[in-house]
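To start, the structure itself, in structure tokens.
Lettering follows sequence order; numbering is per chain, from 1. Hydrogens, waters and symmetry mates are skipped; everything else that's a heavy atom, side chains included, is used. None of these values were measured; they are calculated from a predicted model.
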Protein chains: 2
Amino acid sequence: MYSQSEENYLKAIYHLEESSEKGVSTSKLSEELQTKAASVTEMLKRLAEKKLVNYQKYYGVSLTPKGKSWALAIIRKHRLWEYFLVECLNFNWDEVHEVAEQLEHIQSKKLVEELDCFLGRPSFDPHGDPIPNAAGVLPEFKKRRLSEFKVGDTLICKGFSDASSSFLQFLDQHKIGLDTLLSIKSIQEFDESMLVKVRNNEIMLSKTATQNIFVEIYKESKLKEKV
Amino acid sequence: MYSQSEENYLKAIYHLEESSEKGVSTSKLSEELQTKAASVTEMLKRLAEKKLVNYQKYYGVSLTPKGKSWALAIIRKHRLWEYFLVECLNFNWDEVHEVAEQLEHIQSKKLVEELDCFLGRPSFDPHGDPIPNAAGVLPEFKKRRLSEFKVGDTLICKGFSDASSSFLQFLDQHKIGLDTLLSIKSIQEFDESMLVKVRNNEIMLSKTATQNIFVEIYKESKLKEKV
DNA sequence: AATATTATTTAGCTTTGCCTAAAAATTTTA
DNA sequence: TAAAATTTTTAGGCAAAGCTAAATAATATT
Ligand SMILES: [Mn+2]
Ligand SMILES: [Mn+2]
Ligand SMILES: [Mn+2]
Ligand SMILES: [Mn+2]
């Protein structure tokens, strides 16, 4: 139906719309997709013709309902394949993304639905990212970052916003994964780094790290103020 | 490494080299790939530059060792994916080909090897076609057509040379699949059609059909001559 | 408000892979 | 073996998707 390139643009626009308050600009897209701005402009004109995006020269782009639902279908496939690679094919969570980037473009309604069924209709991929259902609806979940919490809180890891291989390997090294319990021992005031207890080890996490770890509350400390 | 188009050409050349005595011509390729002869000529020049084929203007084409091993790698992926679709995802054997056509181009050494392992290293795909191993070696098997046998012989189905959806559905209707037992009841002299017993039913198979069914001997009749 | 800076778009070029029509080579037939 | 038929190649185009450089619009600065 649409080319791999078109699908990658739709997905990138979707992710940028989610992660930033303002609209999606040509330059942000060109950075995300590692292409030149001129190429982006061209593609946006094509996508607009196909009614997948609203594009106004010089004023950025947004997905139409049609474009959004196509983007969600690609994301669904991407995350289901990642789940398959980790659960069935012994892939590590830091090596699935590249392959899923290819598999997400395979066109077959039946393939996706049977795969979903075969895997037991998972709600989250190996990185904790939500998997849209066949109708494009995301499972309910609350995104709170580790950096928002305070000394004494105990939390469960539910996802990671930086999916880079190096960050995932860093987490592996410290034995932090989905559903790992973390408790905050102390917070350095000057750089907001946290001393965190994980499986009887205490490790230091930079602010960059704590902002990229999504958690749910397991047990909240009674303290009203940060110490 | 190579484009989808290039890979499809390599696969087509491989299949044509296998199935015909003479060399592979531009026109045979253009028919196989549903493209025009002019497009084939161009692609052959590109493939020759990449040392994947031996191409001599006006005198056809053949695979180099490099081209052959790449073709076998694609065929390996194609057949492993078909096996996966049938065994794990409830696909019927007549609906796997199109999807495998896409999946065969996914690039990941680890993916193929893990998939092979996950599936239990199968030797034949759902149509009975042999699956090359990681080194590109095909499992031993002897191809004899049902049409070669005589009245009284009992045979086991081992494959089909026409993989069209309509032929596969015809086989389904008559409950003929891999490892089905067939015994030859009679052969019409004028058109060489066969009356064959399958699971207590007798069905008539045209010569076209019997030529497209590969079998192994289960029990040979004592008759020396056709009746 | 005018100018400087930055972002975006346009223009023109490239590669891949396909097409049609014309030319050239090969093969068949007489 | 020469003419006819067929096959293959060449020439010239087109669309997708990228690029660089130049032009233009929007935003920031003075
Ligand atoms: Mn991913
Ligand atoms: Mn992709
Ligand atoms: Mn197939
Ligand atoms: Mn293919």
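- Backbone-only contact: Thr35(A) has heavy atoms under 4.0 Å from sugar-phosphate atoms and none from a base.
- Taking the centre of each ring, Phe160(B) and Trp93(B) come in below the 6.0 Å mark.
- Ion pairing between Lys142(A) and Glu216(A) holds under the 4.0 Å rule for side-chain N and carboxylate O.
- Taking the charged nitrogens against the carboxylate oxygens, Glu101(B) and Lys11(B) do have a contact shorter than 4.0 Å, which makes a salt bridge.
- One finds a side-chain N or O of Tyr9(B) lying less than 4.0 angstrom from the OP1 or OP2 phosphate oxygen of dC18(C).
- Put simply, CG on Leu115(A) and SG on Cys88(B) are 10.0 Å apart, with the number rounded to the nearest 0.5 Å.
- Inspection of the Thr64(B) and Asn54(B) side chains reveals no N or O donor paired with an N or O acceptor under 3.5 Å.
- The nearest whole Å value for the distance from the CG atom in Leu44(B) to the P atom in dT16(C) is 15 Å.
- Side chain to side chain, Glu104(A) and Trp81(A) fail the donor-acceptor criterion of an N or O pair below 3.5 Å.
- Atom P of nucleotide dT16(C) and atom CD of Gln4(A) are separated by 17 Å, given to the nearest angstrom.
- The distance from atom CE of Met43(B) to atom C1' of dT15(C) is 12 Å, rounded to the nearest whole Å.
- Computed from coordinates, the Lys22(A) NZ to dT27(D) P distance equals 12 Å when rounded to whole Å.
- The side chain of Ser5(B) approaches dG17(C) more closely than any other nucleotide in the set dT9(C), dT9(D), dG17(C).
- Backbone-only contact: Ser27(B) has heavy atoms under 4.0 Å from sugar-phosphate atoms and none from a base.
- Going from atom CD of Glu31(B) over to atom C1' of dT8(D) covers 16 Å, rounded to whole Å.
- Atom CG in Leu29(A) sits about 13 Å away from atom C1' in dT8(C), given to the nearest Å.
- Residue Tyr2(A) is classed as having no contact, given no heavy-atom separation below 4.0 Å to the nucleic acid.
- Within the 4.0 angstrom heavy-atom criterion, only backbone atoms of the sugar-phosphate kind lie near Lys45(A); the bases stay farther away.
- Residue Thr26(A) has a polar side-chain atom (N or O) positioned under 4.0 Å from OP1 or OP2 of dT9(C).
- Taking the centre and axis of the six-membered ring of Tyr14(A), the NZ or CZ atom of Lys68(A) falls outside the cone set by 45° and 6.0 Å.
- Between Arg46(B) and the phosphate of dG17(C), there is a side-chain N or O to OP1/OP2 separation shorter than 4.0 Å.
- Taking atom CD on Glu42(A) and atom P on dA7(C), their separation rounds to 20 Å, with Å as the unit.
- The Ser3(B) side chain lies nearest to dG17(C) when the options are dT10(D), dC19(D), dG17(C).
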Could you pull out the protein-nucleic contacts involving nucleotides 25-29 of chain C (nitrogen or oxygen on both sides, under 3.5 Å)?
{"from": "dA25(C)", "atom 1": "O4'", "to": "Tyr58(B)", "atom 2": "OH", "distance (Å)": "3.2"}
{"from": "dT26(C)", "atom 1": "OP1", "to": "Tyr59(B)", "atom 2": "OH", "distance (Å)": "3.2"}

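- Residues in residues 98-142 of chain A take part in these ring pair (Phe, Tyr, Trp, His ring centres under 6.0 Å) pairs, two or more places apart or across chains: Phe124(A)-Phe141(A).
- Base contact: Thr41(B) has a heavy atom under 4.0 Å from a base atom.
- The CD-P distance, from Glu6(A) to dA15(D), rounds to 15 Å in whole Å.
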